[in-house]
Asks: 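Please read through the structure below; I'll follow up with questions.
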2 protein chains.
Amino acid sequence: MLPPAPAAQGGTILSPSHSDVPAPDSADLAPADIHSGCKIVTPLLARIGDKWSMLVVMVLSAGPRRFNELKRLIDGISQRMLTHTLRSLERDGLVSRTVFPTIPPRVDYELTALGHSLRVPVKALGAWVFENRDEIARSRLAFDDRED
Amino acid sequence: MLPPAPAAQGGTILSPSHSDVPAPDSADLAPADIHSGCKIVTPLLARIGDKWSMLVVMVLSAGPRRFNELKRLIDGISQRMLTHTLRSLERDGLVSRTVFPTIPPRVDYELTALGHSLRVPVKALGAWVFENRDEIARSRLAFDDRED
DNA sequence: CGGTATCCGAATGGATACTG
DNA sequence: CAGTATCCATTCGGATACCG
């Protein structure tokens, strides 16, 4: 049981315009600040949290791949969703698409520098899930038992 | 342009059963390992990436709140989605629900220790988005221009 | 090979009305 | 106050067929 935080103190959720500032652990913020912060973060969370994006990024982190190569490596993905996922990642600048105008055509997909840098915070989140997977699983079991 | 990684070397995406091991930067993994790793991480990514979960967690990080208090603080959320979001977070052990059997009834929601600990990696991801928001925005503009 | 187009069922999420 | 129940529009995502 934590005591309620005493008071807000202003500042945005990630205020400094220059990086490398730890941000004085923003436990308390004005609701408007929380909203503006999450409005930026949530859409990307939703993108990499969708059914296939993380899988594609992880497979591509080993190096560039062709379209059907990805399709084979990512078990169960449909052609439609692979196309959609790659287009979204490309639009956000996380993946680059290179067309070789040969016959038959060849298209290479590769993580950009931005795409590679994303793996760092995502892996931190992955580590958190891994460390707490048992506690989460136990909580779910207990919850599902309670509601008969 | 990063060179493709030379060779795979085995190990799961987050292999150690005990924590605190940095994991020798897994750039290359067998597809099966990537799949097993993402199968664990992606569902939680999808949970906190949904429309309201992060907002609820952020508001609750300042301390416990009552149901209608949350509804007022989180602009635009419907009663239905607030209930659903809180139930999901509770099921995963990120939020606790305390009922005071008074009249009128009172229900307090509060982040658990697990919920608080989640904020650390999520804020790291938020920092990444914040630092790269301009590059992402530029990439989207360029992409949308290209396709007329 | 690397897609696009179409159809369709399932899941997401808002609006509204009702309840203990 | 703190929900539940219902209806409905939109989106997600798989299956299939076709195309340059």
Asks: So what is the end-to-end bend of the helix from C/dC1-D/dG20 to C/dG20-D/dC1, with 5 pairs used at each end and the value given to 10 degrees?
Replies: 40°
Asks: Atom CG of B/Leu55 and atom CG of B/Leu73: how far apart are they, to the nearest 0.5 Å?
Replies: 10.0 Å
Asks: Shared ILVMFWY cluster between A/Val99 and A/Leu60, side chains joined below 4.5 angstrom?
Replies: yes
Asks: Once you round to the nearest 0.5 Å, how far does CG of B/Leu44 lie from CZ of A/Phe130?
Replies: 14.5 Å
Asks: Of all nucleotides in DNA chain C with an atom under 4.0 Å from a non-hydrogen atom of chain A, which is the first and which the last going 5' to 3'?
Replies: C/dC1 to C/dT6
Asks: Atom CG of A/Leu89 and atom CH2 of A/Trp52: how far apart are they, to the nearest 0.5 Å?
Replies: 13.5 Å
Asks: Which residues pass the side-chain contact (heavy atoms from CB on, under 4.5 Å) test with B/Arg80, not counting sequence neighbours?
Replies: B/Ser78, B/His84
Asks: Name all residues meeting the salt bridge (Lys or Arg N to Asp or Glu O under 4.0 Å) criterion together with B/Asp108; count only those two or more places apart in sequence or in a different chain, and write none if there are none.
Replies: B/Arg106
Asks: Supply the atom-to-atom distance B/Leu94 CG to B/Ser53 OG, rounded to the nearest 0.5 angstrom.
Replies: 8.5 Å
Asks: Once salt bridge (Lys or Arg N to Asp or Glu O under 4.0 Å) is applied, what residue pairs with a partner in residues 61-74 of chain B remain, sequence neighbours excluded?
Replies: B/Arg65-B/Glu69
Asks: To the nearest 0.5 angstrom, please state how far the CZ atom of A/Arg138 sits from the CZ atom of A/Arg133.
Replies: 11.0 Å
Asks: Can you pull out the residues from residues 81-108 of chain A that lie within a 4.0 Å heavy-atom distance of DNA chain D?
Replies: A/Met81, A/Pro105
Asks: Would you mind telling me which residue lines up with the more 5' stretch of DNA chain C, A/Phe67 or B/Ile77, judged by nearest nucleotide?
Replies: A/Phe67
Asks: Do any pairs count as a salt bridge (Lys or Arg N to Asp or Glu O under 4.0 Å) and have a residue in residues 43-63 of chain A, sequence neighbours left out, and if so which ones?
Replies: A/Arg47-A/Asp92
Asks: CD of B/Gln79 to CG of B/Leu70: how many Å apart, nearest 0.5 Å?
Replies: 12.0 Å
Asks: Does A/Ser61 use its side chain to pair, donor to acceptor, with the backbone of A/Met58 at less than 3.5 Å?
Replies: yes
Asks: According to side-chain contact (heavy atoms from CB on, under 4.5 Å), who are the partners of A/Ser96, at least two apart in sequence or on a separate chain?
Replies: A/Glu110, A/Thr112
Asks: Go through the structure and list residues passing side-chain contact (heavy atoms from CB on, under 4.5 Å) with A/Arg87, not counting sequence neighbours.
Replies: A/Thr83, A/Glu90, A/Arg97, A/Tyr109, B/Phe143
Asks: Check the interface with nucleotides 15-17 of chain D: list each N/O to N/O pair with the protein under 3.5 Å, or write none.
Replies:
none

Asks: Considering residues at least two apart in sequence or located in another chain, which fulfil the side-chain contact (heavy atoms from CB on, under 4.5 Å) criterion with B/Val122?
Replies: A/Leu125, B/Ile48, B/Met54, B/Leu118
Asks: Could you list by number each residue of residues 44-57 of chain A showing a heavy-atom separation from DNA chain D of less than 4.0 Å, or answer none if no residue does?
Replies: A/Lys51, A/Trp52
